[in-house]
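It should be emphasised that the depicted structure is a prediction, and the values quoted were computed from it without experimental measurement.
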Amino acid sequence: MINTTLPVLETELDEAKGELIRKTHDIKCKIDVSVFAERRWEENFPANAKTETIFAYVERMNGKDLKNPAYLLSNLKAIYCFIVSDEIADFDSFLQMFDMSDIEYLTRLINKIKFVFEIALKATTTNAKNS
């Protein structure tokens, strides 16, 4: 597994000032491109797993406009399967870690997604399920 971090944006309300305060921090995680990633894919996204492996899915999503919310969500599904962290309880908790309203943060997150996918695609090739 490869040690890395994942950027998270938190927003707090300063009630006294009536302002939103945005803070970013990184959570420690590992990129896991073992068979465990495929198992997580099959367990969490069975409809997708019926037709393609996690690696084929990543390859198909690669290059899509991640600023499009539909593609971003699709990519986060795949990222969830490759990321292992004690700070991530389940997929819903994982999604709640990301705030899409800040373009600077969103760009940082997109760059991390591309990085993880690059690692994953280098680590393996698609299998017969995708033929």
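- Taking CD of E87 as the start and NE2 of H25 as the end, the distance is 6.5 Å to the nearest 0.5 Å.
- Among all heavy-atom pairs drawn from F45 and C81, the shortest one is CE1-SG, 3.7 Å.
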### Message
If you apply the rule side-chain contact (heavy atoms from CB on, under 4.5 Å), what do you find for I31 with I83, and how did you get there?
### Response
CA-CA 5 Å; I31 301 172; I83 296 293; 4.2 Å; yes

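- A distance of 10.0 Å separates OG1 of T11 from CD1 of I21, quoted to the nearest 0.5 Å.
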### Task
List the steps and the verdict of side-chain contact (heavy atoms from CB on, under 4.5 Å) for F94 and N44.
CA-CA 12 Å; F94 178 70; N44 289 283; over 6 Å; no

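- Within a 6.0 Å radius of CG in D90, other residues, nucleotides and ligands contribute more than 12 heavy atoms.
- Taking CD1 from I79 and CD1 from I54, the interatomic distance works out to 8.5 Å, rounded to the nearest 0.5 Å.
- Remark: D32 does not engage R39 in a salt bridge, criterion side-chain N to carboxylate O under 4.0 Å.
- Summarising the geometry, atom CD belonging to E19 is positioned 9.5 Å from atom CG belonging to L13; distances are rounded to the nearest 0.5 Å.
- To the nearest 0.5 Å, atoms CG (L72) and CZ (F98) are separated by 9.0 Å.
- Contact of the L95 side chain with the L73 side chain is registered, since non-hydrogen atoms from C-beta on lie closer than 4.5 Å.
- Checked by atom type and distance alone, the side chain of T24 never pairs as donor or acceptor with a backbone atom of L9 at under 3.5 Å.
- Between I27 and T5 there is no side-chain heavy-atom pair separated by less than 4.5 Å.
- When side chains are defined from C-beta on, K112 counts as touching T4, because their heavy atoms get closer than 4.5 Å.
- Counting only heavy atoms from C-beta outward, the side chains of L76 and M97 never approach each other to under 4.5 Å.
- Side-chain contact between I2 and F82: absent, with no pair of heavy atoms (C-beta onward) separated by less than 4.5 Å.
- Between atom CD of residue E10 and atom OH of residue Y105 there is a gap of 10.0 Å, rounded to the nearest 0.5 Å.
- Using a 4.5 Å cut-off on side-chain heavy atoms (C-beta onward), F36 and V84 make contact.
- Of the options F91, W41, Y57, a ring pair (Phe, Tyr, Trp, His ring centres under 6.0 Å) to Y80 is made by F91 and by none of the others.
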